[in-house]
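Beneath this line is the structure, given in structure tokens, with notes to follow.
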Amino acid sequence: MTYLLDALQARIGEFVSLRRDIHRHPELAFEEHRTAALVADKLEGWGYEVTRGLGGTGVVGRLRRGTGPRRLGLRADMDALPIEERSGAAWASAHPGRMHACGHDGHTAMLLAAARHLADSGRFDGTLQLIFQPAEEGGGGALHMMADGLFERFPCDAVFAMHNMPGIAQGHLVLREGAAMASSDYAMITIEGTGGHGAMPQHAADPVVAAASLVMALQTVVSRNVDPLQAAVVTVGALQAGQANNVIPASARLELSVRALDREVRALLERRIRALAVAQAEGFGCRAQIDWRPGYAVLVNTPAETAFAREVALELLGPERVTPQGPPLTGSEDFAFMLERVPGSYLLIGNGQGADDGSPASAACMVHHPGYDFNDANLPVGAAYWVRLAERFLVAA
Ligand SMILES: [Zn+2]
Ligand SMILES: [Zn+2]
């Protein structure tokens, strides 16, 4: 498969420039107008049938070849983050307070490089559908595209997506069958008590004491309710109450991040958190109100499609550059929603380890950090992977 890597490498200059251009002009969730237009124009120029504005700023490029019935979806995300860039790169963000700190500029450029190669010289028979989605970073752009008819208008037999990961050797691919990324739910718990004078607590119902007790009680959900062999996270990231040392406030507020790698564990977490909030508040003469906002689902890679994605990785890179079954992550990803509808797999591509593998320090810097940058050395690797996966998936029956 070196010929394919070489072929993409030989023409990668255009896509390095393109990646850096997108990097320089980062756009936040659902504001990806410039990026989406750039993607759509390129695809049209290469002969794709392009649909713009799906789910807001989403773009789908479709290319049919031959008569094969198979339909493949490949997905990249396009949005940036509200972070002030400090990567020091010459192509750093031109917009204060916004940056491509998760490498979605790179994901977009990798898929575009594959798109051009497949249009020029791809050997496939069937329907190739390239999905460029908005708002992966918390906005649920995948759901918006799906609500706008993504899979009705562009039915797929399987969908695949790839995310870069700093700290893993550059160009190394990591696959995983089963649950790979956690669900991520948000909860706000308001504890209503009775305020009063700090010197006369007997006339009040103190929500601060109830909130403090609840924070401690919540620690038992993971340690006492969840199966020790399962993973779960309950983080109280915000706790607010009161303004003065001698006043008992009327209410306290907790904000939680709740994560799980299993749908049943996720449901258990919600049940236990609700029950504890109500009971703890009542125990102190207060009342709890719970605002539960479900976020991203557990991302589950299906067995057959993951086995296929793994075979393609091994064929392209060989066993020394492929981890066939990596560990799950407690981060979240809205590609999980696409995988609830269509079988498929989500894989990681190593962004580099800094001095250890000769990659830039910015590539080893964790995503969402102001010093991070996508590793351009991955553009030909990721693109070659998409090309090979499409060629092997889209074969006449
Ligand atoms: Zn991110
Ligand atoms: Zn990301």
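Order of listing sets the numbers, starting from 1, for every ligand and every atom in it.
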Worksheet item: Can you tell me if an N/O/S atom from His163 lies under 2.8 Å from the Zn ion (ligand 2)?
Response: yes

Practice prompt. Would you mind checking if Arg34 and Asp21 are paired as a salt bridge, meaning a charged N to carboxylate O distance below 4.0 Å?
Written response: yes

Worksheet entry | Sub-6.0 Å ring centroid separation between His203 and His197 | no

Worksheet item: More than 12 heavy atoms of other residues, nucleotides or ligands under 6.0 Å from CZ of Arg70: is that the case?
Response: yes

Fill in: Heteroatom of Glu137 nearest to the Zn ion (ligand 1) (N, O or S, atom name)
OE2

Fill in: Ala364 to Pro166 - nearest heavy-atom pair and separation
O-CB, 3.6 Å

Worksheet, complete the sentence: For SG in Cys102 and NE2 in His104, the angle at the Zn ion (ligand 2) (nearest 10°) is 110°

